[in-house]
Structures are given as structure tokens and as C-alpha cells.
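These notes are about the structure you will find just below.
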Amino acid sequence: MRSSWADAVENANSGSVENAGTSGASGASATSKSAYVPPHLRSKQPTAEPPAPSHTGPPSASDRFGYGGASGGPRYGVPRSDYGRQGYGGGGRGAGGWGSRSGGWSREREVNPFGNDDADGLAESTFSEQENTGINFDAYEDIPVETSGDNVPPPVNTFAEIDLGDALNLNIRRCKYVKPTPVQRHAIPISLAGRDLMACAQTGSGKTAAFCFPIISGIMRGGFPPRPRGTRTVFPLALILSPTRELSMQIHEEARKFSYQTGVKVVVAYGGAPINQQLRELERGVDILVATPGRLVDLLERAKVSLQMIRFLALDEADRMLDMGFEPQIRKIVEQMDMPPRGERQTMLFSATFPKEIQRLASDFLSNYIFLAVGRVGSSTDLIVQRVEFVPESDKRSHLMDLLHAQRSNGVHGKQALTLVFVETKKGADALEHWLCMNHFPATTIHGDRTQQERELALRSFKSGNTPILVATDVAARGLDIPHVAHVINFDLPNDIDDYVHRIGRTGRAGKTGLATAFFNESNMSLAKSLAELMQEANQEVPDWLTRYASRASYGGGKGRRSSGARFGGRDYRRDSSYNRSGGGSDYYGGGGYGNYGNYGGGYGAGATSAWD
DNA sequence: AAAAAAT
């Protein structure tokens, strides 16, 4: 239980502190700098040789095994207690402090991503501002957490406990983050310890920061390698992949805030937009590249980007990235280009849902990783009210109109509350949007057949409240952070319960409440069982007719709520006995000591579950 | 069967 892993970590920690003497670490760092050979001097063929001598790169997996043995160099596996020691920043160049960028690319003035004139961004905020932008932390108390893996670093309670560096700390204050969310409390120490991570946590509970903070801080600690001359190829140090263009844009915007005035440059690349502008941005320098897979493959094939220097890889919505449509592309990027192999880079996978089959695929990319599951914000019981209504196909439009009418009278300040309507097909989205507009409902639509310009305009117009009804395909199901979505309507239900979970997660974000309504009919029978179970777990009112459908044997065969012991939604597949005997399984466990049910936070028995995304 | 993702 808790004491055992805490002790284990403490032991591991003190052990590695001894190993990682300050002078030794900074000495290695200094050596690594002088030994650096720019890629263009090593080989004309970018993939012909590994990017750098081994002591420049991160230590091998075995060095990192067990919470940061620092023998391989300061970049990875450094115990938290060592942070901020002399010699870390500046790559041991004697500059001291945190990663000052020396040499390399342009030093032009950085645009303030916080979009205010307050130079420090730290003017006293009014209470109402806090309320609008802040996260409702009360909703995050007492969340069940499960971690498993070897030597799991303990969580922190405050940002102050972690030395992320002055510049990043300042940005955290500018973002008005007062204390870390549960996923941040757990994931950041794990990542800072250099460990690979598979994390299940609701989008909107601070997931982006959970992988951005360690990346930014890690880049500053590791130092900025000099930019290779004589080539237009760029060498990002971190790569963040996401499944949709809009989500990549959103991550980019957030990451830019976090890295303001740190010297860390963040660039985004995605399809549907002119590549030349993205190329120009890349050539002005990039440390963190945020991208969608297709455009990145293009850039790699044109040799505009090399992954040789990647220290950090993060997959957002990782289960989507590894599903059938995406997996080959991801494999190509991660395994068949020039990225350092697992164990040498640090890999972080984040998603709200993580089916076991996908976990197994994902483990190909990970090395001795820690699995982390953080229960849903306040459990959806309180935050998202889920309703299911039986609506025959032919009645859907009039039923939708009834809902929208009812809501209109509810609207704040005469404005319609933001309503996100999910449909199954792109054509269906266009048709419904057209019909809504004909009926004087201000609607727009986002889907993959629209131009990127149209997609971005639609999203902006929705966010601003200008067009308070957005009809969307699953392109908008994941990750998008749209504040103030009051109502998610599943006009057409998805076939996969995970997609349902992600869709309704567009409301009830950051600890606020939301409403989700689903139109269910004969064509959704395969979802009956899993939907009923999900709603029950979330303490939602399940209509009797749905319970009846769910219990019919003929409909029971659909994809049930994965995990037989539902717990709280996420579970490390390595713990599932049915996977233990398949090839290579036993070695994986490093001689037991596997897993820690960190069910602290109190009060949650194994049966007290919550649906969470 | 559909959606997403490069030109």
C-alpha cells in the first residue's frame, strides 16, 4: 500500500542522490558539450548514424531504471532533490542557472502569448477573473488514483515542491494556476524523474500542462545544443503528436504560454494550411514541435525535420493515435525514421481512455513505464448530467429543436448557451447545419470535408458565442477545450463507448457542470449495454427501457465496458492476468513489487467507480 | 460504415 511505495521511492531517491554527485553531474555535462558533433559533420545521410555520442544523449534504460540513477548525465533521471544545482542550466557551460540559450538562432522579441499589456502578467486579478479562468479545485479533491510500475515517484502537493525553474514558475503564475491538478501532481514528478509514462486522465483537468512542464523544464536543464550549421534541416528536442489539427493548435497555444521567456521555442505543423509558412517558422528555430502525423511525415520525407535529437516524445489522445487509422503512421514516425529508440528518449502517453488492446500496442513505444490512472474530476455524477432519450430517426430534428428552444429561454443575457451537436457523418453535419440555419438557429459546422480555414472559423465563431450551435463530427470529440459548453447533444450516438466518453467530456470541464443528452434508437442497440453500465457507474439515472435493452442477451455481445472489475475506469493492462502469460510477460515484472494501488484520497472502495474520460 | 490525417 501507500507506505510501501513511499518507502521504496525514498530509498531509491536517497540512493541516487549519492550517485549523482553535483560535480560529477556537471562534469559530465561539460564533457557532453565539448563532445557534441553537429549532425552535418557526422554524416550526409541523416539516418546513417546515431545523432550524438552516447554520453551526450540520455543514459540507457538501465541507467534510468529505478527512479533516476544519474550516472549517464544530468539530462535524464535526475532526482528532484538535485534540480537547480549548479551546473545544470546552460548545459554546464558555466552560465549557471536555468537553460539560457546561447548561440543558435534568432533572439527577436517574443510575442506575449498571454495577450495583455501587463508586462509581467502578474497584476492582481479580480475575484471574478479567478472564477472565470480558474479551475474548480474542490471538484478535484478525493479522486481515486492508481499507479503501477517500478519505483513510482511520490506525488507533490504544490508547484513549489517541484523546481521547474524561475521562468516556468512565472508562467505558471501568469496562467493563474494556483496548485497542481491531480494528474499534474502525479505525472510531473514521474516525468521529471525521467520515467516513461502512460497516463489516463480527463482532458481539461490539466493534462497538457502535465506533459509540457516536464518537457520545457527538461529542455532547459539539458541545455540547448548549438544549431547545426550548413543545413536547413531542423532538429527539435521534443515532439508532441495529436490526432486533429485543431487540437495541435490548442496544444501549441498552451505550450507557448508555458515556455514564454524560457528560450524554449514551440512550433506547430499540421495539414490543410500552407506549408511554407510552417517551414519558415521551423527555420527560425524549434525546440518543441507540435504536429499532426500526416504533415510531420511530409516534413520528415522532405528532410525538413529530423528527429535525431528528440529527447521527449508525447502522444496526446494516445489511444486514438494508436487505433487502426493512425497506428501505421505513428509507427513510421516513432520507429522507422531517425528518432532515438525507447529508453533513450523519454516517452509520455496521455489519454482519457485506454483500452487494453491499445495499451499493449503502446507498450512497444515505452521503456519500463509507469501507468497512472486519475479518476474523473469530481466523478461525472456531479459535473455532467447524462440523459438518454429514445428518439426514432425521423423525430430527431424536431426533438433537437425542442431542446434548443427550451435552452434559448434559459440563455444567459439573451444569448443562447453553447451547444455542441455530434453527428455521425460529414454530410449529415452539413445537412443539419443547413436545416438549423433555415430554422433561425445560429449554427455552424466542423468536419473533415471543410477547408481548414472554414474549420478554424467555425470553431472561433462557436467559442466566441457568435454561433452558439456547433454541429460536429468526431473531429471535435477529443481534447478541444471550449469553455462554457453548456450542452453536448449526441444527435447520432457513436458506436464506441469511448467516443461517447470523449464527446460528453467537451462539457463539464475544469470542474464546472454540464449537460449531455443522447438520442438513442434501434440503430444504437450495440451501445446499449456499455452505455447503461457507464451511466450507472456515474450514478446517472438510467431509463428502464435502456436497462431492458442492455440486459437482452442478443445485445449484450457489444463492446462492454472494458475492465471486468470496473474500478474507476482505467487499469494497467500489465496487471490483467490474461496478458501475463503472453510472450515475454514474466520478465516484464522485474521480480514483483509491481504496482501500487494508491487509493489514498480516501473513501473510494473498489466498487465506487466513476465514468471519466 | 465513418471519421481523422499530406499534396
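Computed from a predicted model, the values in this text were never measured in an experiment. Below, chain A is the first sequence line, B the second, and so on; all start at residue 1. Hydrogens, waters and symmetry mates are skipped; everything else that's a heavy atom, side chains included, is used.
- Ring centroid separation for the pair A:Phe441 and A:His405 comes in under the 6.0 Å cut-off.
- At the heavy-atom level, A:Asp474 lies nowhere under 4.0 Å from the strands shown.
- Expressed to the nearest 0.5 Å, how far CG of A:Asp492 lies from OG of A:Ser523 amounts to 7.5 Å.
- Within 4.0 Å (heavy atoms only), A:Gly448 reaches sugar-phosphate atoms of the nucleic acid but no base atom.
- In summary, contact between chain A and DNA chain B, defined as any nucleotide atom under 4.0 Å from a heavy atom of the protein, begins and ends at B:dA1 to B:dT7 in the 5' to 3' direction.
- Judged by distance alone, the side chain of A:Arg506 and the main-chain N or O of A:Leu480 form a donor-acceptor pair under 3.5 Å.
- At the heavy-atom level, A:Arg245 lies under 4.0 Å from the strands shown only through sugar-phosphate atoms.
- Among the protein residues, A:Val297 comes within range of no part of the nucleic acid, since none of its heavy atoms lies under 4.0 Å from any strand.
- Interatomic distance, CD1 of A:Ile251 versus CG of A:Asp316, reported as 4.0 Å (0.5 Å rounding).
- The aromatic rings of A:Phe258 and A:Phe213 stand perpendicular to each other, their planes meeting at an angle above 60°, with 30° marking the opposite boundary.
- Residue contacts for A:Arg455: at a heavy-atom cut-off of 4.0 Å it reaches the sugar-phosphate backbone alone, with no base atom in range.
- Remark: A:Arg342 fails to qualify as a cation-pi partner of A:Tyr369 under the 6.0 Å distance and 45° angle criteria applied to the six-membered ring.
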